[in-house]
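Below is one structure, written out as structure tokens, with a few remarks after it.
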Amino acid sequence: MPELPEVETVRRQLAPRLEGAELRDVRIHDPRWTRPQPPGVVEAGLLGRRVERLGRRGKYLIWELSDEGQLLVHLRMTGALLYDPVGEPPHARVHFDLGDRHRLVYVDARRFGTGHFFEDPAARDRYLAQRIGVEPLTPEFTVEYLRRAARGRRAPAKAFVLDQRNIAGVGNIYADEALHRAGIHPLRPAGRLTGAQLGRLRDAIEVVLLAGIDAKGATIDDFRHLDGTWGSFQDQFLVHRRQGEPCPTCGTPVRKLVVGGRGTYVCERCQPRPRARRAGGRA
DNA sequence: CGCCCTGTTGGGGA
DNA sequence: ATCCCCAACAGGGC
């Protein structure tokens, strides 16, 4: 569930509840959550601090705490933050007591999610700078940026889009949607994309992410079934995660590939396969 | 019922 | 730079 639009939705819904709250008590039941640091260290860092602002960078939620403290929460595939759940939810891994009879529970069936604590914003930014590139919904996300980032890269376009150091927050499903919308085959080497293709890719990424955010609490699975309200977007979306399903644009059966180690769905009519090139390249 | 495969993520080693 | 495997579990197909 968590790609950029979903994480941004979580941030928006949680911010008013969390900002200003004090972390009266923090209990980390899953030692994995704070790896490589031991949970005790992270708990000690969080205890008694107030949440001043809830931000986001790529798929990381940023808890800006009092006295400069910073907590980066990553939901990975199945993590979720539940505000005042009724009873004890399954797969609860971390409990935050917010005082005032409010609480926040981090649940995660697969336990891939992480929480990293940093003493100050500078340390946090050093961590992020190493793994997160340009935010796709900002003015910095230009065709020129994409061109520079893709130049000379032999990795497939799909892997390029998925690489968080290039574009922050685009996950597997949105990557397929954007490539389909841009008419780019996921296997085409990133460095061989034309200027026109890079332009279409930039715009397509923006469109699918905004559509996801506008779908509010819905997951991408939900907005695939949206009615007239979102019909203008719906027609552009690939029918996903189902080989043989007709492409909504042209009716060609969707084919499944594995690219960058991820299941990848493609319409090979809308997204023509790259022509094989002779080995040995440069003269 | 059991086995096998798949998966919305990122990190580390080859 | 790139590729492959891994983490740990749920759910679906057979």
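Chain letters run A, B, ... following the sequence lines, proteins first, then strands; residues in each count from 1.
As a whole-Å value, the separation of A:Lys158 NZ from B:dT9 C1' is 13 Å. Remark: P of B:dT9 and CG of A:Asp176 are 11 Å apart, rounded to the nearest angstrom. Rounded to whole angstrom, the span from the CG atom of A:Asn166 across to the C1' atom of B:dG10 amounts to 14 Å. The separation between A:Arg153 atom CZ and C:dC3 atom C1' is 13 Å, rounded to whole Å. The interatomic distance linking A:Arg32 (CZ) with B:dG11 (P) rounds to 17 Å, in whole Å. Taking atom CD on A:Gln243 and atom P on B:dC5, their separation rounds to 16 Å, with Å as the unit. Note: CZ (A:Arg111) to C1' (C:dA10) measures 13 Å, nearest angstrom. Taking atom CZ of residue A:Arg35 and atom C1' of nucleotide C:dA7, one finds them 7 Å apart after rounding to whole Å.
For the residue pair A:His185 / A:Glu268, a side-chain donor-acceptor distance below 3.5 Å is found, with atom types taken as modelled. Between the side chains of A:His95 and A:His29, at least one donor N or O sits under 3.5 Å from an acceptor N or O.
Residue contacts for A:Phe160: at a heavy-atom cut-off of 4.0 Å it reaches no nucleic acid atom on any strand shown. At a threshold of 4.0 angstrom between heavy atoms, the contacts of A:Gly261 with the nucleic acid are absent. Using a 4.0 Å heavy-atom distance criterion, A:Arg262 is classed as a base contact.
Here the side chain of A:Pro156 is nearest to one of C:dC3, C:dA10, B:dG10, namely C:dC3. Between B:dG10, C:dA7, C:dC9, one nucleotide has an atom nearer to the side chain of A:Lys59 than all others, and that is B:dG10. Comparing B:dT9, C:dT2, C:dA10 by their nearest atom to the side chain of A:Ala109 picks out C:dA10. You'll find that the side chain of A:Arg154 is closest to C:dT2, out of C:dT2, B:dT9, B:dG10.
Along DNA chain C, the nucleotide nearest to A:His91 and the one nearest to A:Ala155 differ in position, and the one closer to the 5' end is contacted by A:Ala155.
Below 30°, between 30° and 60°, or above 60°: for A:Tyr106 and A:Trp33 the angle between ring planes is between 30° and 60°, a tilted geometry.
Within a 6.0 Å radius of CZ in A:Arg49, other residues, nucleotides and ligands contribute more than 12 heavy atoms. No more than 12 heavy atoms of other residues, nucleotides or ligands lie within 6.0 Å of CZ in A:Arg50, so this atom counts as exposed by the packing criterion.
In this structure, A:His74 does not reach the B:dG11 phosphate: none of its side-chain N or O atoms is under 4.0 Å from OP1 or OP2. Side-chain N/O atoms of A:Lys256 include one lying less than 4.0 angstrom from OP1 or OP2 on B:dG7. The side chain of A:Arg76 contributes no N or O atom lying less than 4.0 Å from OP1 or OP2 of B:dG11. Neither OP1 nor OP2 of B:dG10 sits under 4.0 Å from any side-chain N or O of A:Tyr127.
With respect to the salt-bridge test (charged N to carboxylate O, under 4.0 angstrom), the residues A:Glu144 and A:Arg148 do not qualify.
Where stacking is scored as ring centres under 5.5 Å apart with planes under 30°, A:Phe112 registers as stacked on the base of C:dA7.
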